[in-house]
Engineer: 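Quick one: the structure is below, questions incoming.
Since the structure is predicted, the reported quantities are computational estimates derived from the model, not experimental observations.
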Amino acid sequence: MAKVNRARSTSPPDGGWGWMIVAGCFLVTICTRAVTRCISIFFVEFQTYFSQDYAQTAWIHSIVDCVTMLCAPLGSVVSNHFSCQVGIMLGGLLASTGLILGSFATSLKHLYLTLGVLTGLGFALCYSPAIAMVGKYFSRRKALAYGISLSGSGIGIFILAPVVQLLIEQFSWRGALLILGGFVLNLCVCGALMRPITLKEDQTTPEQNHVCRTRTQDLKRASPCSTWTKEWVQTCLCSSLQQEYSFLLMSDFVVLAISVLFMAYGCSPLFVYFVPYALSVGVTHQQAAFLMSILGVIDIIGNITFGWLTDRRCLKNYQYVCYLFAIGLDGLCYLCLPMLQSLPLLVPFACTFGYFDGAYVTLIPVVTAEIVGTTSLSSALGVVYFLHAVPYLVSPPIAGWLVDTTGSYTAAFLLCGFSMIFSSLLLGFARVVKKMKKTQLRFLAKESDPKMQLWTNGSVAYSVARELDQKDGESAALAMLGSSPT
């Protein structure tokens, strides 16, 4: 399967088999993100069965989320060097094994290793490669395709939340985990749908890598123990990795990465503590599961409608702004949550938070692609989801410690809200600074003498074009440099 023939295409097809890729990614998000978020329904069961406090029990959800994001670059590496199909199928087997072994756990530590580490590793091999494949098949309708693909998380929560609660009541938490383990094996089917495609901008790099691999194999056959052969292999690997992760030095990507850390810290605890919080204010178990279902179904609407809206001509150039707007509104929802202490008040919260959660999740790969381009999208998404790891690991236990210490959820929810608002403000401030810098550079470019620029410092034109981040400006600058005597 690693030697599968790759489909050739000069540009993203924006349809055709791409819709099967969307369907596969949709199922991947159900089996990964929806199942992860439904672990919160087991929270009270685990806490009661093992007689542990909030902080200790919260580590289960934290570890599975953390490992999923921490190992996301590993998923990208497997996808890039073998195939997306291999990565997702292997991930499905690992995730299913973790859930099945977790059903036999006799302590929280066993759940940390099985449900946390093993299942999280399996999800990591599936999630980012599936999302990156959608970006390769779509360009003009990319936001809509991502909206449909990532709506699997919301639909999965809507369906699985009451089903998991019913399974717990009928078969206990052990039986429910066992059944979920069988369900997650559907990831292997999703992997089979991921037909590889090579785009026009990807055609140079694979050929270079093929030459490098062929040369390396010839050298190994000629002199297996040669020091020069080993140096050649190391050079090829370093060159490949350097090209694959060159986006790490881009200032825009650095700002996005920092904002992701604060956004991830804020978004995770709600899916751990929303059900326990609802129970603490007098909502029944069935009503709490119903609230999670509402959160999920509205998340679907946010995924699809926000993706469709931001693909319209009037908003196409403002997807970055829509992204930070959605994150900021979710932060404001958090600040209001401690005042909502009844089912009629929690329902509107679930609707509002769910909608904007689905909105910004849809735009994460779109904004990332806008910054790094399609060629590096798989690796960049791996890094972006990797950055979710530490916040996902520490935020639920910190929130649990605040609940145990203060006896209230208020401090935990306020901290999460301010974290998401700061993430939004950071992105907005960075965009304003960039706009001001562009304006200044345009002014300097107009004031400069073009002839003096060519003879004395021709690289200025290229630097200005890169800072303006416009294709027409870059093409003009390169043309000027091509006519320069230097």
Engineer: Under the criterion side chain to side chain donor-acceptor pair (under 3.5 Å), which of D65, D299, T68 is the partner of R33?
Structural biologist: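 Testing R33 for a side chain to side chain donor-acceptor pair (under 3.5 Å) against D65, D299, T68 leaves exactly one candidate, D65.
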Engineer: Keeping T352 on the side-chain end and F349 on the backbone end, is there a donor-acceptor pair under 3.5 Å?
Structural biologist: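 Pair absent, no side-chain N/O of T352 close to backbone of F349.
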Engineer: Do R37 and D357 meet the salt-bridge criterion of a basic N to acidic O distance under 4.0 Å?
Structural biologist: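 The answer is yes: the pair qualifies as a salt bridge.
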Engineer: Looking at T29 and S149, would you say the former's side chain and the latter's main chain have a donor-acceptor pair under 3.5 Å?
Structural biologist: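 Yes.
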Engineer: Report yes if some heavy atom in the side chain of C322 is under 4.5 Å from a heavy atom in the side chain of L363; otherwise report no.
Structural biologist: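 When only atoms from C-beta onward are counted, L363 and C322 do touch, with a gap below 4.5 Å.
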Engineer: Sequence neighbours excluded, which residues qualify as salt bridge (charged side-chain N to carboxylate O under 4.0 Å, His left out) partners of D330?
Structural biologist: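 D330 satisfies salt bridge (charged side-chain N to carboxylate O under 4.0 Å, His left out) with no residue once adjacent residues are dropped.
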Engineer: Strictly distance-based, threshold 3.5 Å: is any side-chain N or O of S419 a donor or acceptor partner for the main-chain N or O of F262?
Structural biologist: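 Here the side-chain-to-backbone pair exists.
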Engineer: Hey, is the main chain of I421 close enough, under 3.5 Å, to the side chain of S424 for a donor-acceptor pair?
Structural biologist: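 Such a contact is absent between S424 side chain and I421 backbone.
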Engineer: As an exercise, state the distance from SG of C66 to CH2 of W59, rounded to the nearest 0.5 Å.
Structural biologist: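 Going from the SG atom of C66 to the CH2 atom of W59 covers 8.5 Å.
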Engineer: Taking all non-hydrogen atoms of both residues into account, name the closest pair between L426 and I258 and its distance.
Structural biologist: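 L426 and I258 have their closest heavy atoms at CD2-CG2, 3.5 Å.
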Engineer: Distance check, rounded to the nearest 0.5 Å: R431 atom CZ versus M436 atom CE?
Structural biologist: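 With rounding to 0.5 Å, CZ (R431) is 14.5 Å from CE (M436).
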Engineer: Examine distances only and state if a side-chain atom of W19 and a backbone atom of A145 form a donor-acceptor pair shorter than 3.5 Å.
Structural biologist: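 Flag not set: sc W19 to bb A145 has no pair under 3.5 Å.
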Engineer: Strictly distance-based, threshold 3.5 Å: is any side-chain N or O of Y409 a donor or acceptor partner for the main-chain N or O of L337?
Structural biologist: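 No; judged by distance alone, with no hydrogens or angles, the pair does not exist.
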Engineer: Atom CE of M89 and atom CG of L125: how far apart are they, to the nearest 0.5 Å?
Structural biologist: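 Spacing of CE (M89) from CG (L125) equals 13.5 Å.
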Engineer: Counting the benzene-type ring for Trp, do Y273 and Y277 have ring centres under 6.0 Å apart?
Structural biologist: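 Not close enough - the centres of the two rings lie 6.0 Å or further apart.
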Engineer: Any non-hydrogen side-chain atom of M420 less than 4.5 Å from a side-chain atom of C267?
Structural biologist: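 With C-beta onward as the side chain, the pair touches.
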Engineer: Rounded at 0.5 Å granularity, tell me how far CZ in F123 sits from OG in S128.
Structural biologist: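 Going from CZ on F123 over to OG on S128, the span is 13.5 Å.
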Engineer: Without hydrogens or angle criteria, can the side chains of Y265 and S423 be said to hold a donor-acceptor pair below 3.5 Å?
Structural biologist: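 No, no side-chain donor-acceptor contact under 3.5 Å.
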Engineer: Measuring from atom SG of C71 to atom CG of L94, what distance do you get when rounded to the nearest 0.5 angstrom?
Structural biologist: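 So the gap between those two atoms works out to 10.5 Å.
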Engineer: Taking I131's backbone N and O only, do any of them form a donor-acceptor pair with Y146's side chain (distance below 3.5 Å, no angle check)?
Structural biologist: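 Indeed, once roles are kept as given, a pair shorter than 3.5 Å links the two residues.
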Engineer: Nearest 0.5 angstrom please: K437 NZ to S251 OG, how far?
Structural biologist: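 That separation rounds to 6.5 Å.
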Engineer: Should L291 and V275 count as side-chain neighbours, where that means a heavy-atom distance under 4.5 Å?
Structural biologist: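 SC-SC contact between L291 and V275 ruled out.
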Engineer: Provide the closest heavy-atom pair for Q85 versus G191 in the form atom of the first, atom of the second, distance.
Structural biologist: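 Shortest heavy-atom separation between Q85 and G191 comes out as CG-O, 3.1 Å.
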Engineer: Counting neighbours of CZ on F253 that are heavy atoms of other residues, nucleotides or ligands and sit closer than 6.0 Å, is the number greater than 12?
Structural biologist: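 More than 12 heavy atoms, drawn from other residues, nucleotides or ligands, come within 6.0 Å of this atom.
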Engineer: Test your reading of the model: is there a side-chain donor-acceptor pair from Y323 to the backbone of V367, 3.5 Å cut-off?
Structural biologist: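 Checking the backbone N and O of V367 against the side chain of Y323, no donor-acceptor pair under 3.5 Å is found.
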Engineer: Going by heavy atoms in the side chains, are V297 and I155 under 4.5 Å from each other?
Structural biologist: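 Heavy-atom side-chain distance check fails, nothing below 4.5 Å.
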Engineer: Indicate yes or no: at least one non-hydrogen side-chain atom of F386 is less than 4.5 angstrom from one of L74.
Structural biologist: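 Sidechains of L74 and F386: no contact.
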Engineer: Is there side-chain contact between L335 and F418, with at least one heavy-atom pair below 4.5 Å?
Structural biologist: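 In short, these two side chains touch, coming nearer than 4.5 Å.
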Engineer: Where the side chain of T362 meets the backbone of G358, is there a donor-acceptor pair that is under 3.5 Å apart?
Structural biologist: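 Yes: the side chain of T362 pairs with the backbone of G358.
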Engineer: Got a donor-acceptor contact below 3.5 angstrom from the Y127 side chain to the G75 backbone?
Structural biologist: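 Checked: no pair found.
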Engineer: Is the closest side-chain heavy-atom distance between V347 and I294 below 4.5 Å?
Structural biologist: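 V347 vs I294: side chains touch.
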Engineer: Take Y334 and L414 through the test side chain to side chain contact (heavy atoms under 4.5 Å, CB included) and record every step on the way to the result.
Structural biologist: CA-CA 6 Å; Y334 254 125; L414 291 180; over 6 Å; no
Engineer: Which is it for T406 and S408 under the side chain to side chain donor-acceptor pair (under 3.5 Å) test, yes or no, and what are the steps along the way?
Structural biologist: CA-CA 5 Å; T406 64; S408 169; 5.0 Å; no
Engineer: Between Y392 and M69, is a side chain to side chain contact (heavy atoms under 4.5 Å, CB included) present by the stated rule, with each step listed?
Structural biologist: CA-CA 8 Å; Y392 276 7; M69 301 307 174; 3.7 Å; yes
